[in-house]
Structures are given as structure tokens and as C-alpha cells.
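Written below as C-alpha cells is the structure these notes are about.
As the structure is a computational prediction, the values presented were derived from the model and not from experiment. Chain identifiers are assigned alphabetically (A, B, ...) following the order of the sequence lines, protein sequences preceding nucleic acid strands; residue numbering begins at 1 within each chain.
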Amino acid sequence: MKTELEDLLARALESLQGTLLHTPVERSAIVVERTRDAQHGDFACNIALRLAKSAGRKPTELAAAIVAALPRSPLLARAEVAGAGFINLYLAGDAQRDALPRVFEQGERYGTSQAGAGARVLVEFVSANPTGPLHVGHGRQATYGATLAKLLQATGHDVHREYYINDAGRQVDILTVSVWVRYLQAGGIGLPFPVNGYRAGYVQGIATRLAVACGAALQRPAAAVLAGLPPDASEGEAEATAGKKKELYIDALIARMRELVGAAAYEEVLELALAAMLADIREDLAAYGVEFEQWTSERALARSGAVDCMLGRLAAQQQTYTQEGALWLRSSAFGDTEDRVLVRANGQQTYFAPDLAYHLDKRARGYARLIDVWGADHHGYIARMRAGLVALGAPGDCLEVCLMQFVSLYRGGEKVPMGKRDGQFVTLRQLREEVGNDACRLFFLMRSHEQHLDFDLELAKSRSNDNPVYYLQYAHARVASVMKQLAARGLQYDAAVALANLGALDGAHEAAVLTAISRYPELIAQAAASRAPHLLVHFLRDLAQAFHTWYNAAQFIVEDDAIRNARLALALATQQVLRNGLGLLGASAPETM
RNA sequence: GCGCCCGUAGCUCAGUUGGAUAGAGCACCUGGCUUCGAACCAGGUGGUCGGCGGUUCGAAUCCGUCCGGGCGCGCCA
């Protein structure tokens with residue numbers, strides 16, 4: 001529709017060449033946009049304003065000439081000059097109503113396109129460390145990533161969803177030792193819990209399973225555990241002094257556990273803890289309706305040799321150097337603010353090294369475009385990852401990072417504290433159980449991901465008219481209800497009669513609904529291209545609003561066969577679009593509420 | 001100090017990538033169910049788009065600067 005109108009304008013401009021215009025106008029400069037206000041027609045074009053200067057004409061004069069030169073088209077009812085020199089385009093009624101047969105033909109595919117031309121895109125999201133359950137922040141990332149992936153699929157991309165499991169590195173050791181200490185404590189060993197350990201309740205749960213699995217075999221006396229360990233930080237000690245102390249202590253404790261229980265038993269505890277955490281995360285996401293094509297394990301990646309291979313490649317290209325015993329990447333040569341360590345002086349790799357190898361692996365698997373969804377606190381890491389990719393010969397802009405701003409929970413105007421120290425954070429599971437998946441999805445998606453989100457639990461739970469979730473679902477259920485009422489009156493919807501009489505849909509309220517329906521495919525394209533699922537939520541609200549307004553102003557089930565069927569067709573099309581949209585958002589579209 | 005994000009109605013936020021009179025929801029006020037679901041609708045009140053400069057036909061949007069808020073700046077992950 002849009003491009004056809006733009007073509008019409010292009011032909012008009014061509015015919016003005018040599019008279020009013022002297023330089024040819026590029027096709028890409030001719031842009032037609034939906035109007036904000038129905039008084040300005042259906043579409044508007046600002047080309048006259050843009051060309052006025054170079055043509056040396058007044059914008060209104062130029063616009064009038066373009067309008068006069070516009071070829072006839074069945075699409076267009078009329079065009080007029082308005083304001084400072086806008087060209088307002090009014091669609092012919094038939095063109096407007098053409099959206100309906102399309103909706104019925106395409107059904108659940110209505111709104112999708114092939115704009116992506118099958119381009120392979122890898123969307124990596126959540127990727128939370130398997131050291132604890134998902135919290136509300138992960139919930140937002142999961143929701144955003146899942147919906148973005150669906151939007152990309154809907155616009156013809158070949159999308160692959162992936163979760164990167166950070167199951168290697170120190171945080172897993174900390175989890176392991178935390179579980180062991182809880183296990184010792186439960187066995188009656190008087191042992192302080194390390195300040196830097198994971199102290200939330202789930203660790204206790206894993207310790208219990210450990211006791212079931214191995215009995216008392218891993219119990220050791222407190223004296224043996226603590227002998228010669230450096231002092232731990234004290235509870236509530238200032239970060240400046242505590243930071244070093246608690247890390248030295250926990251590292252020593254990890255080493256001590258290894259020597260006391262042996263490497264094999266240590267691995268078993270680690271595997272048990274990891275498997276428990278991962279199962280919890282997978283189950284949580286599945287219950288939330290968020291799925292991944294692939295879960296990539298950092299440990300498996302390391303074992304495959306991919307990290308060493310990458311380091312070898314960098315070294316061969318002289319992109320690394322050794323300084324003070326550590327191996328550095330020359331990232332500052334590729335847009336980062338400084339060089340970064342890949343391998344520490346103690347021989348251990350940093351988090352960065354396997355992560356970079358992972359991104360290289362994604363490219364090697366044929367994904368030209370990599371989209372990562374990260375928490376906003378990781379923004380400083382973007383330049384580093386890009387620099388790494390560039391150093392490895394990939395274009396830096398192949399990686400696109402969507403940064404998610406933070407979530408604050410409110411309960412009745414009162415901010416819910418989410419201190420991570422005592423494990424006092426709210427989990428995604430708790431949130432879902434309290435407000436339901438649908439409300440969760442929509443509340444997470446309502447705001448731009450670049451915007452800090454205030455999530456009000458009371459509002460999300462309320463079954464009242466101030467809850468936007470119900471507003472959308474109600475519109476959908478309302479159509480179902482009308483159809484039931486129709487059957488109850490012994491009538492049937494006749495699609496053939498409806499499509500032959502769409503001309504009966506000539507009121508302003510009907511036009512508003514029609515406009516929204518016909519705009520839906522454009523909206524999907526835009527939401528996908530700008531990585532902005534929130535646009536879809538707002539669109540659905542507008543559509544529901546237009547529908548509710550019409551519903552209140554008109555009777556659908558009327559005597560006249562032509563009018564009744566035409567109106568039902570519009571109602572059913574509305575329902576289809578609502579269902580499609582809610583489906584992309586991962587929310588249900590109930591028939592009754 | 002440097003970097004990223006943000007600042008729009010009393011509150012929470014949109015704003016079609018520079019367009020026309022800046023829009024929604026909540027809150028507040030008025031009205032609408034013997035008629036397809038009132039979980040709805042119609043109308044009203046409410047704005048120096050953080051401040052000041054600049055770019056141009058035109059700025060909430062782009063540039064500069066200042067103010068205010070969030071986050072980051074490890075051989076942690």
C-alpha cells in the first residue's frame with residue numbers, strides 16, 4: 001500500500017521534471033507516512049516541503065503541482081495540499097476495506113512478511129549464570145528476547161534462539177563450595193558461611209539433595225576445613241576492605257574443599273549443583289512459554305578446543321601480547337577504550353575469552369547477524385566484544401546488543417526491596433505465580449527496553465479496568481461472545497455475504513478499526529526493525545480501543561443480512577489481529593473471561 | 001573524572017527515526033446498561049517536552065552546554 005502510493009508520487013514528480021523540477025528526485029526520498037490524525041487523510045507526504053528549497057518554489061505551490069500531476073489510481077479517492085505544504089492522501093473506501101479479505105485469507109499469518117528474506121539471525125538472551133534461580137530482571141530479558149525473536153520470524157528471518165550457559169569459571173566453584181558448606185552445617189559441623197558465598201535458600205535445598213546422594217561421605221571436621229585459611233571479611237564490612245578479603249577467603253576455601261574431598265568428588269558436587277540449577281531455570285522458562293533452539297555450554301565449548309583455537313588465531317595474527325604474566329588482547333586498536341586480559345597470570349581464562357570464542361562460533365555456524373540481549377549493567381562490555389570480533393576478522397556491526405534497563409517492583413505504591421546480598425530478590429517464578437504469565441508478559445513488554453521499568457504487582461493482579469491486560473483480552477473475548485449470541489439467536493455468519501457487502505462499513509468508527517487492521521503488517525515490520533516489541537503492545541491497545549468504541553456505538557447483530565455480515569466480518573478480523581498480536585507477545589487470547 | 005541510558009500532564013509512559021493543534025492509561029469531574037458482556041464507552045480538567053544556546057521552511061526528536069537521576073569503568077562474572 002505504502003510503496004504503491006509512493007510510486008504514484010514518484011510518477012507525478014517525474015512528469016514535473018524540466019518544468020518545476022530541475023534535478024531528478026531519488027525514489028528513496030519519497031516517503032509516505034500514516035497520518036497521526038484522521039483529519040489529515042490516511043497517508044501524508046512531505047516531499048514538497050523537502051524539495052521546495054532546491055526547486056526555488058514555495059512548498060504549497062510545488063505540492064499543488066504534484067497533486068495535479070498525480071496519476072489516477074483505484075487506490076486513491078483524493079489528494080489535497082494542507083498545512084505548510086503537506087500532501088494528504090485519502091484512500092478510496094474499497095482500498096481501505098481490502099484489508100479484510102487479506103486477513104481472512106492469511107489468518108494467523110496476517111501481518112507477517114518476507115522482508116527479512118530468510119536472513120539467519122541468532123538471538124542470544126537470558127544466559128543467566130546457573131548459580132541461582134531467574135529473577136525479575138531475567139524475566140524482562142526473557143520476555144523481550146522471546147518476543148523479538150518472534151517478531152523477526154514474522155518478518156521473514158531465519159531465527160535461532162540460544163541460551164549461553166556460564167557453567168565454567170569461578171562462580172560455579174563458589175556455588176559448589178556454598179552447597180558443601182551448607183551440607184557440612186546440616187551435618188552438625190560448626191562452620192561460618194563464607195561472606196562471598198551464595199546464601200539464598202535454594203543452596204540449602206541442593207545441600208539436602210547432596211546429603212541424600214552421598215550420605216556423610218563428604219563430611220569433614222571444621223578444624224580441617226578452616227586450618228590455615230585467611231580471614232574472611234566480616235558481615236557488613238565496607239566493600240573497600242571486604243572485597244579483597246572475602247575473595248581470598250572463598251578461593252582458599254574452594255582449594256581446601258578440593259584437597260579434602262578429592263577432585264572426583266568435587267566434580268560430582270559441582271555437577272549436582274549445576275544440574276539442579278539448570279533444571280530449575282529450564283523448567284521456569286518452559287512454564288513461561290520461552291523456548292530456545294539451543295543451550296550452549298561454556299564448559300563444552302572449552303572442552304571442544306574452541307577457546308584455545310581462537311587464542312591461537314589471535315596470537316598468529318599478533319593481536320595479543322603478554323604483559324605481567326597475563327595474555328592481553330589489543331582491543332584498544334579496535335575501538336575499545338583499553339586492552340583486555342584474555343588469560344590471567346595464574347593461567348585461568350577470563351570470562352571474556354570463552355565468551356568471545358562463543359561469538360566466533362556463532363559466526364562460524366553461519367549467522368551473519370548476532371543479536372544479544374544484555375542487562376544494562378553490561379554496556380561497558382559491548383566495545384570489548386566488538387573489538388574482539390573485529391580482531392578476529394568479523395565486521396564489528398555484526399553484533400547488535402539490546403540493553404535492558406532495570407526493573408523495580410512495586411506493591412501498592414511501595415517499592416519492593418530486591419537486595420541481592422541476602423538472596424532477598426524476587427524470582428521470576430514467584431512473579432509469575434503471583435500475577436500470571438499473561439500479565440507478566442504484557443507488563444514487561446509495555447515499556448521500551450531502554451526505559452527503566454516500574455512493575456506494579458497490585459496493578460498487574462487487579463481484575464479491574466485499570467489493568468491493560470484485560471483491556472486487550474476483553475476485546476478478543478467480546479467478539480467471541482457476539483458470535484455466541486449470534487448462534488443463540490439462530491443466525492449464522494456468512495462470509496460470502498459479508499465480503500460482497502463490505503461497502504456497508506462506511507462509518508467513522510468502522511474506518512478507525514479498518515485503518516488499525518490495515519496498519520498491522522506495517523507495525524510488525526517496524527517493531528521488528530527497530531527491535532521494539534512495546535510498539536506492538538501500544539498498537540493492540542489502540543486497536544482494542546477503536547473496537548470498543550465502535551462496539552458501543554453500533555449494533556452488530558441487526559436484521560439486515562448485508563450489514564450484519566459485513567459488521568461481523570470486521571469484528572472477526574479485529575479478533576484475528578488481536579489473536580495474532582497477542583500470540584507474538586506470548587499472551588493468551590481467551591474466548592471468555 | 002570518563003563512558004552508556006534516561007528526564008514529556010499530579011503518577012506511569014507513548015510519540016511512526018525532523019513534520020501539522022505534543023498523545024494514552026491511572027487519578028479527578030460529568031454523563032451512558034429493560035438492547036450483541038459496563039472487565040466497556042462518550043465528554044471534561046491537566047503541559048515553559050529539565051534549563052539555556054545552535055542547526056532549518058519546521059525540533060520533544062539532531063548538535064553544544066549546564067542541571068538532575070540510573071548504570072558501568074577488575075588479571076570478577
So what does A/Gln171 touch, heavy atoms closer than 4.0 Å: a base, only the sugar-phosphate, or nothing? sugar-phosphate
Scanning all shown strands, the Watson-Crick or wobble mate of B/C2 with both distances under 3.5 Å is B/G72
Residues A/Arg564 and A/Glu559 bridged, charged N to O under 4.0 Å: no
Please list, chain by chain and in numerical order, all residues satisfying ring pair (Phe, Tyr, Trp, His ring centres under 6.0 Å) with A/His40, sequence neighbours excluded. none
Would you say A/His548 places a side-chain N or O within less than 4.0 Å of OP1 or OP2 belonging to B/A39? no
Quick one: is B/C76 close enough that its OP1 or OP2 comes under 4.0 Å of any side-chain N or O from A/Arg344? yes
Using only atom types and a distance under 3.5 Å, with no angle test, would you say the side chain of A/Asn552 pairs donor to acceptor with the backbone of A/His548? yes
Do any side-chain nitrogens or oxygens of A/Gln451 fall under 4.0 Å of OP1 or OP2 in B/A14? yes
Only one of A/Ile517, A/Thr515, A/Leu472 forms a side chain to side chain contact (heavy atoms under 4.5 Å, CB included) with A/Leu543, so which one is it? A/Ile517
Distance below 4.0 Å between A/Arg478 side-chain N/O and B/A38 OP1 or OP2: yes
Using a cut-off of strictly less than 4.0 Å, decide whether A/Arg36 has a side-chain nitrogen or oxygen near OP1 or OP2 of B/A20. yes
Interface with RNA chain B, restricted to residues 321-331 of chain A and to heavy atoms under 4.0 Å: A/Gln323, A/Glu324, A/Ala326, A/Trp328
